[in-house]
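Worksheet: the structure to be examined is printed underneath.
Numbering of ligands and ligand atoms starts at 1, following listing order. Just so it is clear, the values below take in all heavy atoms, side chains as well, and ignore hydrogens, waters and symmetry mates. In this chain, numbering begins with 1 at the start of the sequence shown.
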Amino acid sequence: MLHLAVATDPAWAGRAVAHLDEILLDHAHLEKKAAGTAVTLLFRHPDVAALQRPLAALAREELAHFEGVLRHLARRGVAFARQKPGRYAGRLHAAVRGDHALLDTLLVAAVIEARSCERLGLLAAAIAPIDPELAAYYDSLLASEARHHGAYVELAEACHPAAVVRERLAAIAAHEASIVSSARFEPRLHGGTA
Ligand SMILES: [Fe+2]
Ligand SMILES: [Fe+2]
C-alpha cells in the first residue's frame, strides 16, 4: 500500500506524455538522486545497524534503474544533461525536523518512492501506444518502487514506535499532497498538477 494523501489526476499523464523526453531526463536524474539519498543516509548513520544492508541494496537497485533509464534516453536519441533542480524535493525536505532528522528523512524518502510508483504507473499506461518498450520498462519498475516505499517505512519502524511512524507519515504525506496540488504542471515526474 502506498501512503499518499492525494491521488494524481489521471489527466496528468496525458500532459506528461506531450513532454516525454523531458520527463525521461528528469526520471534519470531522480533514479540517481534516489541512490544518493540511500548512500547519504549510510554515511550519516553508520551507527544504526538496521539501515546498513537494506539501504546498500536499495542504492544498488536505484543505480541499476538509472542505467536502465539512460539506455532508454539513448534509444530515443536524447542526450543526458545537467538539469536545474526541481522544487518538489526541496519543499518536501522542508518538513524534516532537525531533532528528528532520521525519522523524517526516511519518511520523506518513503513518500517520494510512493509518488514515483504512482506516476510511473500512470505514465506506463499512457505511453503504451507510443513507446511500448518504455511502457514495459516503466511497468517493470513499479514493483521495486512500491517495495522501496515499504522498505523506508519499515526502516522508520525499526528505529521508532509504529504509532509515531504512522502519525508522522500521515503528516508528511499531507504536506506532499499540498505541494503537488498547489504547484503548476511542469515536465517533471514529481511536478505539480495545478
Ligand atoms: Fe528507482
Ligand atoms: Fe526507488
Side-chain angles (χ1 to χ4, degrees), residues 1-5 7-8 12-13 16 20-45 50-76 78 80 83 85-86 88-90 92-93 95-96 102-127 131 133-158 165 169 172-173 176 179-180 187-191:
M1 176 199 170
L2 300 175
H3 297 83
L4 290 171
T8 295
W12 171 85
L20 187 54
D21 288 336
E22 286 159 279
I23 293 274
L24 194 57
L25 178 63
D26 180 56
H27 181 197
H29 284 280
L30 288 173
E31 295 291 358
K32 188 178 56 167
K33 268 184 238 158
T37 297
V39 172
T40 300
L41 282 165
L42 287 174
F43 275 101
R44 271 194 212 148
H45 302 284
L51 298 182
Q52 308 304 308
R53 286 170 64 176
L55 287 180
L58 197 146
R60 260 191 296 122
E61 270 192 36
E62 301 293 24
L63 281 179
H65 293 173
F66 175 55
E67 292 178 85
V69 181
L70 287 179
R71 278 194 293 274
H72 283 281
L73 278 173
R75 181 179 60 77
R76 291 179 61 90
V78 184
F80 184 64
Q83 190 195 40
Y88 173 83
L92 196 45
H93 278 105
V96 174
L102 176 57
L103 172 65
D104 288 356
T105 304
L106 290 170
L107 295 180
V108 162
V111 171
I112 292 174
E113 295 286 345
R115 186 62 72 193
S116 300
C117 181
E118 184 217 35
R119 296 261 172 113
L120 288 174
L122 292 173
L123 272 179
I127 65 181
D131 186 340
E133 217 177 307
L134 185 58
Y137 183 62
Y138 277 177
D139 263 333
S140 78
L141 293 183
L142 297 185
S144 0
E145 304 309 354
R147 187 159 35 74
H148 295 165
H149 168 70
Y152 274 118
V153 175
E154 276 171 31
L155 290 176
E157 286 172 348
V165 171
L169 179 55
I172 289 176
E176 192 267 354
I179 294 169
V180 293
R188 302 250 185 184
L189 195 61
H190 294 119

Tell me how many protein N, O or S atoms are closer than 2.8 Å to the Fe ion (ligand 1). 4

Pairs involving residues 134-143, ordered by first then second residue, that meet side-chain hydrogen bond (donor to acceptor under 3.5 Å, both in side chains) (sequence neighbours left out): H27-Y138

Which residues pass the side-chain contact (heavy atoms from CB on, under 4.5 Å) test with A38, not counting sequence neighbours? L55, L58, A59, Y152

Which of these passes side-chain hydrogen bond (donor to acceptor under 3.5 Å, both in side chains) with Y88: E176, H93, H190, R115? E176

For E145 and S116, does a side-chain donor sit closer than 3.5 Å to a side-chain acceptor? no

Give a yes or no on this: more than 12 heavy atoms of other residues, nucleotides or ligands lie within 6.0 Å of atom CZ of R75. yes

Those residues at least two apart in sequence (or on a different chain) that pass side-chain contact (heavy atoms from CB on, under 4.5 Å) with L25 are H29, L73, F80

